[in-house]
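Counting convention: from 1, in listed order, for ligands and their atoms alike. Keep in mind that what you see is a predicted model, and the values were worked out from it rather than measured.
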Amino acid sequence: MNEFLSRVRIVLVETSHPGNIGGAARAMKTMGLTKLHLVAPREFPCAEATARASGADDVLAAATVCDSLAEALQGCHVVIGTSARLRSLSWPELNPRECGERIAESVGAGEVALVFGREKSGLTNDELAQCRFLVHIPSNPAYQSLNLAAAVQVLSYEIATAFGYGGQPREIGDAGGAPATAEEIEGLFRHMEQALIEIEYLDPGNPRHLMQRLRRLFNRVELRHEEVNILRGMCRAAQRHAALAANKR
Ligand code: SAH
């Protein structure tokens, strides 16, 4: 197994049809991908999934079942969400080719995740907020929604193509320190939100999408572990000053 392809995690969120889980496993295996994470699947393991996997049952057997998306993303430093529709939010968007290339460039520094939504409703805004990029497979504007396993196939193909079918990652991206993981970035946003409330910059009664805007800003750069520490240190210092000022009042 290619060591680098094994750092690519396919995450399926709350899949309703076990056949789609099997179909996704098969799609992955044809492209050399093996790491499947299932967030709260309606039914798994299941004979229908195994039947649809048709020979990719090793991918199913090794699948990790998680309770939440955050748990499925643990340890990943790049998270890409998928969407059948273009969202109104101006999320950094990749086309399938750019998605494959971004993944091939990122695996040198650690694990990456590609997240797929529910058959009926896709991913929620909260789930999309945990993704740094969004990828949309261009399709018929009058009928844009691919079957879940078909979407996994298209994007797995692009990943395999970007790797040159079993090749090496594009570049080892660790100059300047280790990239921040998804948990570190989520921890930073929670901390920042709390600190902004305490210094009375963010009014929880009228947040005006501030956190969403800040996420968009920070998602444009690839935060490093050390940079997250600096930003959290700044939040702690601001919180200390706000507490001192409150005592003096
Ligand atoms: N009605 C839902 C459709 C979900 S389709 C919606 O509008 O979001 C189920 C999943 O398949 C999606 O969450 C996404 O992960 C994937 N998918 C389907 N079509 C896609 C497309 N054109 N581009 C990217 N992902 C797609």
*Asks:* Is there side-chain contact between Leu134 and Thr82, with heavy atoms separated by less than 4.5 Å?
*Replies:* no

*Asks:* Regarding atom 1 (N) of ligand 1: of the candidates Lys120, His136, Arg85, which has the closest heavy atom?
*Replies:* Lys120

*Asks:* Tell me which part of Ser139 gets within contact of ligand 1: side chain, backbone, both or neither, using heavy atoms under 4.0 Å.
*Replies:*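 Only the side chain of Ser139 comes within reach of ligand 1.
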
*Asks:* Does Ser83 approach ligand 1 within less than 4.0 angstrom via side chain, backbone, both or neither, non-hydrogen atoms only?
*Replies:* backbone

*Asks:* Does Glu222 pair with Arg102 as a salt bridge, N-O distance under 4.0 Å?
*Replies:*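 Yes, charged N to carboxylate O under 4.0 Å.
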
*Asks:* Under a 4.0 Å threshold between the charged nitrogen and the carboxylate oxygen, would Lys29 count as salt-bridged to Asp58?
*Replies:*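 Salt bridge: yes.
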
*Asks:* Examine the proximity of ligand 1 to Ser145 and report which part, side chain or backbone, both or neither, has a heavy atom under 4.0 Å away.
*Replies:*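 Within the 4.0 Å criterion, Ser145 contacts ligand 1 through backbone and side-chain atoms alike.
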
*Asks:* Does a side-chain N-to-carboxylate-O contact under 4.0 Å join Arg7 and Glu111?
*Replies:*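 Salt bridge absent between Arg7 and Glu111.
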
*Asks:* Taking both backbone and side-chain atoms of Ile137, is any N or O found less than 3.5 Å from an N or O belonging to ligand 1?
*Replies:* yes

*Asks:* Got Phe116 and Thr15 here, is their nearest side-chain heavy-atom distance under 4.5 Å?
*Replies:*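 A side-chain contact under 4.5 Å is absent here.
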
*Asks:* Is it true that Val135 lies under 4.0 Å from ligand 1, counting heavy atoms only?
*Replies:* yes

*Asks:* Measure from atom 8 (O) of ligand 1 to every heavy atom in Gly122, Ala150, Ala149 and give the option owning the shortest one.
*Replies:* Gly122

*Asks:* Is Glu127 paired with Arg118 through a side-chain N to carboxylate O contact shorter than 4.0 Å?
*Replies:*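 Between Glu127 and Arg118 there is a salt bridge, with a charged N closer than 4.0 Å to a carboxylate O.
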
